[in-house]
Student: 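Take this structure first; my questions come after.
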Amino acid sequence: MPGGSSEIATDSCVAYESVSVISGLPLTIDCINGYDDFVMVGTKEGHLLIYKITFTPAKSGPEIAIALSNKNFTVAIGTGGTRKPIIQIGIIPEHKVLIALTTDGVSTHDMDSHNCKCINLIERTKGASSFALDIQRQTSLTGDPCLTVRMCVAVGKYLQLYYWKNRSFKELREDLMVPDIPKSISWCKETICLAFKSEYCALDLLTGKQREVCSRSKSADAMIVNVSSDTFAVANEKQCFLIQTECADPTKLEDREQSSKKSAHLAVTWTEAPVSLAYDEPYFIGILPGKGVEVRTIRPKLKIDSFPINQAKLAFRTKSGRVFISSTNSIWCLKSTPIDTQMDLFVKQKHFELALGLSNIWEESATLKNKKIGQIKNLFAFHLFCHKKFNPAMHYFSELGTDASHVIGLFPDLLPQEYRNGIYYPGPVPEFRGLDIENGLSALVIYLTNVRTALMGSSNQTVTDAASIVEGGHTLKSKRELLQIIDTTLLKCYLQTNESLVASLLRLKDNHCHVEETERALKKHRKYNDLIILYQTKGNHRKALETLQNQNNTERIIQYLQHLGREQMDLILEFAKPVLEEDANEGLRIFTDDLHEVEQLSRPRVYDFLLKNFPSLVIPYLEHVVNTLEDTNALFHNALIHQYREKTVSLEENQDTRKIMRQKLSNLLQKSDYFTPEIVLVHFPYDDMYEERAMIFRKLGRHEPVLSIYIGALRDVDKALEYCKTTYDKNDPSKKDVFTILLKMLLSPSTTILPGFAKESEEPLQMDKVAILRLLKEYAPYLDPIRILSVLPDDFNMCDMETFLKTSIQNQLAERRKMLIKKGLVKAEHLKAKHDKVYFESEGFTIDDYTMCAKENCNKRLTSQR
Amino acid sequence: MATRKKVLLKVIILGDSGVGKTSLMNQYVNKKFSNQYKATIGADFLTKEVMVDDRIVTMQIWDTAGQERFQSLGVAFYRGADCCVLVFDVSAPNTFKSLDSWRDEFLIQASPRDPENFPFVLVGNKVDLDNRAVPQKRGQQWAQSKNNMPYFETSAKEGINVEQAFQTIAKNALAQETEVDIYNEFPDHITINNDTRNVRSDNCSC
């Protein structure tokens, strides 16, 4: 607000209209008080007047009725029987009790009685200067209204404290001494505020501590007015200060003192020092001597009204919106104008806080009231926004649940123009620049994040309670659309204020960013990395990959493909192709890096793909699958063996490679348990790679081909013996004959060696007598003598076979003995069983329905087994 | 900037439900562990005083609900955090997978001034279990890819590495806090006075 316009249209009545109620009273008004429609007037002459003043909408003026007029009111007080001035009047409306202060002291009066009869005079209060009432209205647990009335009377330098019980005041506690005679007192919760000569003091009844709250000029009148249940206002010359009495937690004394110290702040500055004050929320009414009446507000500090009632002396509020002003012989009433008219006026003048404050005292149905408050707040928020107060503005929008799209529309270039054109604002939206727009966007980000969290948390699919800034404007109903606008805007804000959050937003699983709009924004800011995240989260992998291709970012393509997972196999292979063409070894990482998604890829498809397109990568890939991943699928083992074999025999490869491949092949053949020997074998040449074939036959458990290779093709008896030794197993029928087979093969190579295993080019194999003898000698226990003897040629020397025969006979004898023993044992066992049988058969027993089967794990009733 | 005022560090622990956020906090602050699982509702905090570089700082550790239905934390909760601890369970690969979204969620809600350098600490909890499913290497790789955030493998049950992890958290949070202080000590606007009265004829202001 510019400083000059702190006055509101002084010529017309804004908050109140003044009505003359009584004029030219032939008495001197000394004090005035009242409640509801009643006004009590005490005069210097000791005359008490009670008026009932009502306003009816039908009539323009007030209806005035004299409820009581008692000129002898003070005569009944005390013993003197004389009239004396009424210094102060207090009222307990609920009890219909009037309290008067005269020179005799404080007296109580029954307002229901004729002439307001005196109930009691508190003798101790004689000479009192003033008193203060504290009336607390509470609802008891049973729901009844409950009234606590306390009174503080200042007599000299003593404060006397009373409470109301059984229609009289009882002493509450011992008197409190104060340093000076109080000029004015007021009671506010547990604090009594006192006005002394040069300062205002607050006296805490709980602690008994006194402290100065505000200094006071001696020249002006002392005035204390209660503003709310814990706040009062004091006047010092032209100024009026607000004083808070209590802190949030009354047990913390330290805080309490601190907060009270801080709380004295300037509320109102009058044109002149007032002589009387009244507070009628949210207005302060001050009587300025000779000038009339002024009406002012605290927040903001404004002069609202002024009435030229020059003779005015006293002001008193009887109820909300009703203030009475008196001069020595006349009374006026300040009657509040309709609250909604006041609110409208303040809104028009952009005093939104004032308008909102008025809603507290507006007596209207809750729905209508809330609607009005909502409208005002929306306008207020807009006003704040226009004045660069972004955070408070957003706070209001957030509280109001204003349609987020309308808030977003306040900023330039965030909404699609077409959509933006459909939103109306209470006034022209200022265009901010530079730091302002940055601050604004920061506030918007916080606001949007809040709205977003709230929206995501609600289960509704539609938004029903969103309000528009201008009444009746179109609002978004679909939650999805709203989220889309919010997220897209957040992204745009980030692009302008905090770029590194863009990626985080796009990665959120539940982001609702509008794809095309976001795409445009990101492209505009050249945020290609983020663009790819957008495509990725929206599942548009092809577009993401194409963008990467355009950027020639091979590394990112590889990473992207690595994270796609097996569902996107086709896409992976499609985009892997150009990468592999460019750099085969780097590209292979798409299928081999140690990542969860990569491990899950369909290996047969990758193998197939590589085989068709990149044969050179087949071996590295298969090696990775077989050796690193330890895949047990026969397909890969067979394929790898196949690949190694091809390389080994290929004439295109150089000698070293072939040698390495052959080594790898033989390693794999020995190590792997997962290849399919039958399938693998087919591809091996008949006239080469004997060793490898031997290994395969070995896996197959076929001794004849293995031995045929060793004896026939390789002519290596040691290897054959080695094989026999590792394979022989006495207890396995398929393996116990290996030595016999070998011996037969050595005896007559031409008939026993399988065709095709001897190298045809070489001379035919002859019987190797040395080897045969060695075999007979060293491996006699492993040979079957009967079968051997039948095939041994006749020209063998007996002496050569000595060891063999001896061992064989010994073996046979040992075997026989063993058998005899075994036979004896079995026979004994048989006899024992027979004996047991006879024994058991000699005993009788019954099987009934409950007999259980004795067989292990059966435990069923025998009868049930049928 | 030798102000030795009392420092309060706000640390927020995030991660999937059941990874051991509450247990980590309890182990660190109270040296206690319970095998019983009790879902955290909303958020809860404990404080602990720690020495960091000869300074006593108060760490306010906020434990949050991992279960979505108990998450009701808004922007206000995340704002002003000095460090964010991301926790996963080394025996549950899914909890490792969600780390990215927890981090993003935090960044969006807190929108720190400098998201790239905001201190995060990664904690792989439950290393005492036999059925480990996320290899240490994967955890390290992830931490490294996110601006090299510190990575700790802990067991809230056995108290392994918990102290060390939180010491680092406190240290990094303090560094962040100090940085923010520097920001705050700058006035909002630096107004260069355009007063030309003092400009001498030689155009030198010295």
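Just so it is clear: chains get the letters A, B, ... in the order the sequence lines come, proteins before strands, and each one is counted from 1.
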Student: Please report the closest heavy-atom contact between A/Val445 and B/Ser111, naming both atoms and the distance.
Tutor: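 Taking A/Val445 first and B/Ser111 second, the nearest heavy atoms are CG1-OG, 4.2 Å.
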
Student: Search all heavy atoms of A/Leu501 against all heavy atoms of B/Ile108 and return the closest pair with its distance.
Tutor: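 A/Leu501 and B/Ile108 have their closest heavy atoms at O-CD1, 3.9 Å.
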
Student: How close do A/Leu508 and B/Ser101 get, heavy atom to heavy atom, and via which atoms?
Tutor: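 Nearest heavy atoms, A/Leu508 then B/Ser101: CD2-O, 4.2 Å.
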
Student: Identify the heavy atoms of B/Leu107 and A/Ser504 that sit nearest to each other, and give their distance.
Tutor: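 Heavy atoms of B/Leu107 and A/Ser504 come nearest at CD1-OG, 3.2 Å.
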
Student: Grab the two heavy atoms, one from A/Ile446 and one from B/Arg79, that are nearest each other, plus how far apart they are.
Tutor: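 What the structure gives for the nearest pair is CG1-NH2, 3.0 Å.
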
Student: What distance do A/Arg452 atom CZ and B/Gln109 atom CD have between them, rounded to the nearest 0.5 Å?
Tutor: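 Taking CZ in A/Arg452 and CD in B/Gln109, the distance rounds to 7.5 Å.
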
Student: Within a 6.0 Å radius of atom NZ on A/Lys538, are there more than 12 heavy atoms belonging to other residues, nucleotides or ligands?
Tutor: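 Correct, the count exceeds 12.
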
Student: When you look at NE2 of A/His514, are more than 12 heavy atoms from neighbouring residues, nucleotides or ligands closer to it than 6.0 Å?
Tutor: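 More than 12 within 6.0 Å, yes.
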
Student: Is it the case that more than 12 heavy atoms not belonging to B/Lys10 sit under 6.0 Å from its NZ atom?
Tutor: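 More than 12 heavy atoms, drawn from other residues, nucleotides or ligands, come within 6.0 Å of this atom.
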
Student: With chain B, which of A/Thr497, A/Asp594, A/Leu505 has the greatest number of heavy-atom pairs at distances under 4.5 Å?
Tutor: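 Heavy-atom pairs under 4.5 Å are most numerous for A/Asp594.
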
Student: So for atom NZ, which belongs to A/Lys389, do other residues, nucleotides or ligands contribute more than 12 heavy atoms lying within a distance under 6.0 Å?
Tutor: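 For A/Lys389, atom NZ is not crowded (no more than 12 foreign heavy atoms under 6.0 Å).
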
Student: Does CG belonging to A/Asp413 count more than 12 external heavy atoms closer than 6.0 Å?
Tutor: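 No.
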
